[in-house]
Amino acid sequence: AETVIDCESLGRAFYLDSPDDTTAVIDGFTIRNGACLTGGGGAIRISAAAPTISDCVFESCEADLGGAIYAAGGSSPTITGCTFTDNTAIDGGAVYVLSYEGTIQGCTFTGNSATNGGALSLMDPAELPLVLGCLFRDNAADKGGAVYYSKAETSFEDCSFFGNTA
């Protein structure tokens, strides 16, 4: 991505909190060094919103929940073609979802880490989220090297998992 947002570990880049707006689009950014140690989402926090996030790069972001992206409160984002590298969190090294419905498609998760869910932490989704055509490589966690579930059912289709450790 050509446009870089360097949060310099001073906060996150976007906070989306509008259930009425389904037209928000975040496309083609590199977001790095986002940080939010309370409240989730080192780069993006989504609460009751339905944005499209596409062709973005998330690198070296950190948060308590969702090193790069936190989605909760009935959110239904579509995340496509994104790359998540070297993000960290307690839950969901790259992405944390709670009471969520949406799709994660064609994304690459590499070198992310967390206590639970090195790449993804899926908690009590509102609907069956879909994870399609994603690559999970070299992510690490105490529980769920690539993915951690709690009260969650998710459909993974055409995904590849390599070198993840727990």
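Excluded from the calculations below are hydrogen atoms, water molecules and symmetry mates; all remaining heavy atoms, backbone and side chain alike, are included. Note that the structure is predicted; figures quoted are calculated from it, not measured.
Hydrophobic clustering (side-chain heavy atoms under 4.5 Å, transitive across Ile, Leu, Val, Met, Phe, Trp, Tyr) keeps Phe58 apart from Tyr15. No chain of hydrophobic side-chain contacts below 4.5 Å, direct or via other Ile, Leu, Val, Met, Phe, Trp or Tyr residues, connects Leu132 to Leu135.
Taking each heavy atom of Gly66 and Ala89 in turn, the nearest pair found is N-CB, 3.8 Å. Taking each heavy atom of Ala166 and Gly144 in turn, the nearest pair found is CB-N, 3.8 Å. Contact record, Ile90 with Ala114: O-CB, 3.6 Å, taken as the closest heavy-atom pair. Nearest heavy atom pair, residue Cys107 against residue Ile104, reads SG-CG2, 3.9 Å. Closest approach of Gly118 to Ala141, counting heavy atoms only: N-CB, 3.4 Å. Summarising the geometry of Ala63 relative to Gly41, their closest heavy-atom pair is CB-N, 3.7 Å, with the distance given to 0.1 Å.
The list of side-chain hydrogen bond (donor to acceptor under 3.5 Å, both in side chains) pairs with a residue in residues 65-94, not counting sequence neighbours, reads Asn87-Asn112, Asp91-Asn116.
Using a 4.5 Å cut-off on side-chain heavy atoms (C-beta onward), Tyr96 and Asp64 make no contact. Between Thr115 and Lys143 the shortest side-chain heavy-atom distance does not fall below 4.5 Å.
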### Task
Decide yes or no on side chain to side chain contact (heavy atoms under 4.5 Å, CB included) for Val95 and Phe109, but give the supporting numbers first.
CA-CA 10 Å; Val95 178; Phe109 298 85; 4.1 Å; yes
### Query
Is there a side chain to side chain contact (heavy atoms under 4.5 Å, CB included) between Glu8 and Asn33 once you walk through the steps?
CA-CA 5 Å; Glu8 299 180 351; Asn33 301 315; 5.6 Å; no
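Between Phe156 and Phe136, the two ring planes are perpendicular [angle over 60°; tilted spans 30° to 60°].
In this structure, the side chain to side chain contact (heavy atoms under 4.5 Å, CB included) partners of Leu16, at least two apart in sequence or on a different chain, are Ile26, Ile44, Ile46, Ala49, Pro51. In this structure, the side chain to side chain contact (heavy atoms under 4.5 Å, CB included) partners of Thr165, at least two apart in sequence or on a different chain, are Ala140.
Formation of a donor-acceptor pair under 3.5 Å by the Arg12 side chain with backbone atoms of Gly40 is found in this model.
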